[in-house]
Novice: 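The structure is given below, and queries will be raised subsequently.
Predicted model only: the values in this text are computed from it and were never measured. Counting begins at 1 with the first residue of the sequence.
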Amino acid sequence: MSAIDRYVAFSVLFCLATPLAASETDAPAPRIAAVMEFELIDDMRDFERPEVKDAQDRRIGLISDTLRQELLQRGMYRLADNSAAARLIIGLKAQQELRGCNGCEIDIGKALGADVIIIGWVQKVSNLILNINIEVKEIGSGRILYVKSVDLRGNTDNSWLRGIRYMVDSIEEKKQHLR
């Protein structure tokens, strides 16, 4: 192959590849999500042994961190730094649960400069039956973009983590993060 043939072949390949590369770089950046710490609904919490309470509190932090990591690592969302509104979050959570605060979560999202806010909670029915839930709201309109729920069998680190990863897999598969 002569130098001219190589140049023509390279030029053709370059022209064909340029639109593909341009379309990849023209894709909008992932939206910014404010991911709140999960909350626990457990009507029997007052009667639990201290070590059970401690384990569940640790799991709440574990799945909150895992959800953030999974969303970020998969490129589904960029994450807001919740510390910028820590006082607001603490004050609102002292008054009520964020999942039922009638729009206060939107104020948090605005304070963080987020596009969406993700509120999560774990409902414990028993040590065998739990479910993990998230609700994703658009900050600008306040509308719910999507809701996810995963049922768990077993109150262990592994079951909680498996539930979060399954939830994120489902969001990604259905492209719900693009809504």
Novice: For a side-chain contact (heavy atoms from CB on, under 4.5 Å) check, start with the C-alpha distance between Asn127 and Met44, then their side-chain angles and the critical distance, and finish with the verdict.
Specialist: CA-CA 10 Å; Asn127 263 335; Met44 300 304 290; over 6 Å; no
Novice: Does the distance from a Lys or Arg side-chain N to an Asp or Glu carboxylate O, for Asp157 and Arg58, drop under 4.0 Å?
Specialist: yes
Novice: For the side chain of Asp115 and the backbone of Ile32, is there at least one donor-acceptor N/O pair under 3.5 Å apart?
Specialist: yes
Novice: Are Gln69 and Thr66 close enough that a side-chain donor and a side-chain acceptor fall under 3.5 Å?
Specialist: no
Novice: Is there a donor-acceptor pair closer than 3.5 Å between any side-chain N or O of Arg78 and the backbone N or O of Arg31?
Specialist: no
Novice: Look at the side-chain heavy atoms of Ile, Leu, Val, Met, Phe, Trp and Tyr, link any pair under 4.5 Å apart, and say whether Val136 and Ile144 land in one connected group.
Specialist: no
Novice: One pair to check against side-chain contact (heavy atoms from CB on, under 4.5 Å): Val147 and Asn133. What are the steps and the verdict?
Specialist: CA-CA 7 Å; Val147 177; Asn133 308 276; 5.8 Å; no
Novice: Is a side-chain N or O of Asn131 found less than 3.5 angstrom from the main chain of Val122, in a donor-acceptor match?
Specialist: no
Novice: Say you draw a straight line from CD1 of Ile117 to CG of Asp107; how long is it, rounded to the nearest 0.5 Å?
Specialist: 9.5 Å
Novice: Do Val116 and Leu88 belong to the same hydrophobic cluster, where Ile, Leu, Val, Met, Phe, Trp and Tyr are linked whenever their side-chain heavy atoms lie under 4.5 Å apart, directly or via other members?
Specialist: no
Novice: Should the heavy atoms of other residues, nucleotides or ligands under 6.0 Å from NZ of Lys93 be counted, would the total exceed 12?
Specialist: yes
Novice: For the side chain of Ser170 and the backbone of Tyr166, is there at least one donor-acceptor N/O pair under 3.5 Å apart?
Specialist: no
Novice: What I'd like to find out is whether the side chain of Ile106 reaches to under 4.5 Å of the side chain of Ile108, using heavy atoms alone.
Specialist: no
Novice: Considering non-hydrogen atoms only, spot the tightest contact between Tyr146 and Gln176 and give its length.
Specialist: CE2-O, 3.2 Å
Novice: Are Ile134 and Leu72 connected in a single hydrophobic cluster, I mean Ile/Leu/Val/Met/Phe/Trp/Tyr linked by side-chain heavy atoms less than 4.5 Å apart?
Specialist: yes
Novice: Do you know which two heavy atoms are closest between His177 and Tyr77, and how far apart they sit?
Specialist: CA-OH, 3.4 Å
Novice: If you define the side chain from C-beta out and look only at heavy atoms, does anything of Ile132 sit under 4.5 Å from Leu130?
Specialist: no
Novice: Do the non-hydrogen side-chain atoms of Cys104 and Gln96 ever get within less than 4.5 Å of each other?
Specialist: yes
Novice: So does Arg153 have more than 12 non-hydrogen atoms from other groups sitting under 6.0 Å from CZ?
Specialist: yes
Novice: If you take all heavy atoms of Leu112 and Ala34, which pair is closest and at what distance?
Specialist: CD1-CB, 3.7 Å
Novice: Examine distances only and state if a side-chain atom of Ser159 and a backbone atom of Gly154 form a donor-acceptor pair shorter than 3.5 Å.
Specialist: yes
Novice: What's the shortest heavy-atom distance between Leu161 and Ile63, and which atoms?
Specialist: N-CG2, 4.4 Å
Novice: With side chains defined as the heavy atoms from C-beta onward, is the minimum distance between Val150 and Ile164 less than 4.5 Å?
Specialist: no
Novice: Does Arg45 pair with Asp57 as a salt bridge, N-O distance under 4.0 Å?
Specialist: yes
Novice: Could you report the tightest heavy-atom contact between Glu105 and Leu98, atom names first, then the distance?
Specialist: OE1-O, 3.9 Å
Novice: Under 4.0 Å between a side-chain nitrogen and a carboxylate oxygen: does that hold for Asp46 and Lys53?
Specialist: no
Novice: So do Lys137 and Ile119 actually touch side chain to side chain, heavy atoms under 4.5 Å?
Specialist: no
Novice: Show, in sequence, the C-alpha distance, side-chain angles and deciding distance for Ile129 and Asp151, and conclude whether the side-chain contact (heavy atoms from CB on, under 4.5 Å) test is met.
Specialist: CA-CA 7 Å; Ile129 303 170; Asp151 290 336; over 6 Å; no
Novice: Would you say Ser64's side chain and Phe38's backbone share a donor-acceptor pair under 3.5 angstrom?
Specialist: yes
Novice: In terms of side-chain heavy atoms, does Asn155 have a donor or acceptor partner in Gln56 at a distance below 3.5 Å?
Specialist: yes
Novice: For Arg179 and Lys174, run side-chain contact (heavy atoms from CB on, under 4.5 Å): C-alpha distance rounded to whole Å, both residues' side-chain angles, the deciding distance at 0.1 Å, then the answer.
Specialist: CA-CA 10 Å; Arg179 290 185 181 174; Lys174 295 177 182 178; 5.8 Å; no
Novice: Would you mind checking if Arg68 and Asp65 are paired as a salt bridge, meaning a charged N to carboxylate O distance below 4.0 Å?
Specialist: yes
Novice: Starting at CE of Met167, measure out to CD of Glu172 and round the result to the nearest 0.5 Å.
Specialist: 14.5 Å
Novice: Heavy atoms only: give me the nearest Ile139-Ala114 pair and the separation to one decimal.
Specialist: CG1-O, 3.3 Å
Novice: When you compare the side chains of Asn158 and Thr156, does any donor N or O come within less than 3.5 Å of an acceptor on the partner?
Specialist: no
Novice: Salt-bridged, Arg165 to Glu70, with N to O below 4.0 Å?
Specialist: yes
Novice: What is the distance from atom CD1 of Ile89 to atom CE of Met36, rounded to the nearest 0.5 Å?
Specialist: 4.0 Å
Novice: With a 4.5 Å cut-off on side-chain heavy atoms, are Arg162 and Leu152 touching?
Specialist: no
Novice: Determine, using the 4.5 Å side-chain heavy-atom cutoff (strictly less than), whether Leu79 and Met76 are members of one ILVMFWY cluster.
Specialist: yes
Novice: What is the distance from atom CD1 of Ile118 to atom NZ of Lys148, rounded to the nearest 0.5 Å?
Specialist: 12.0 Å
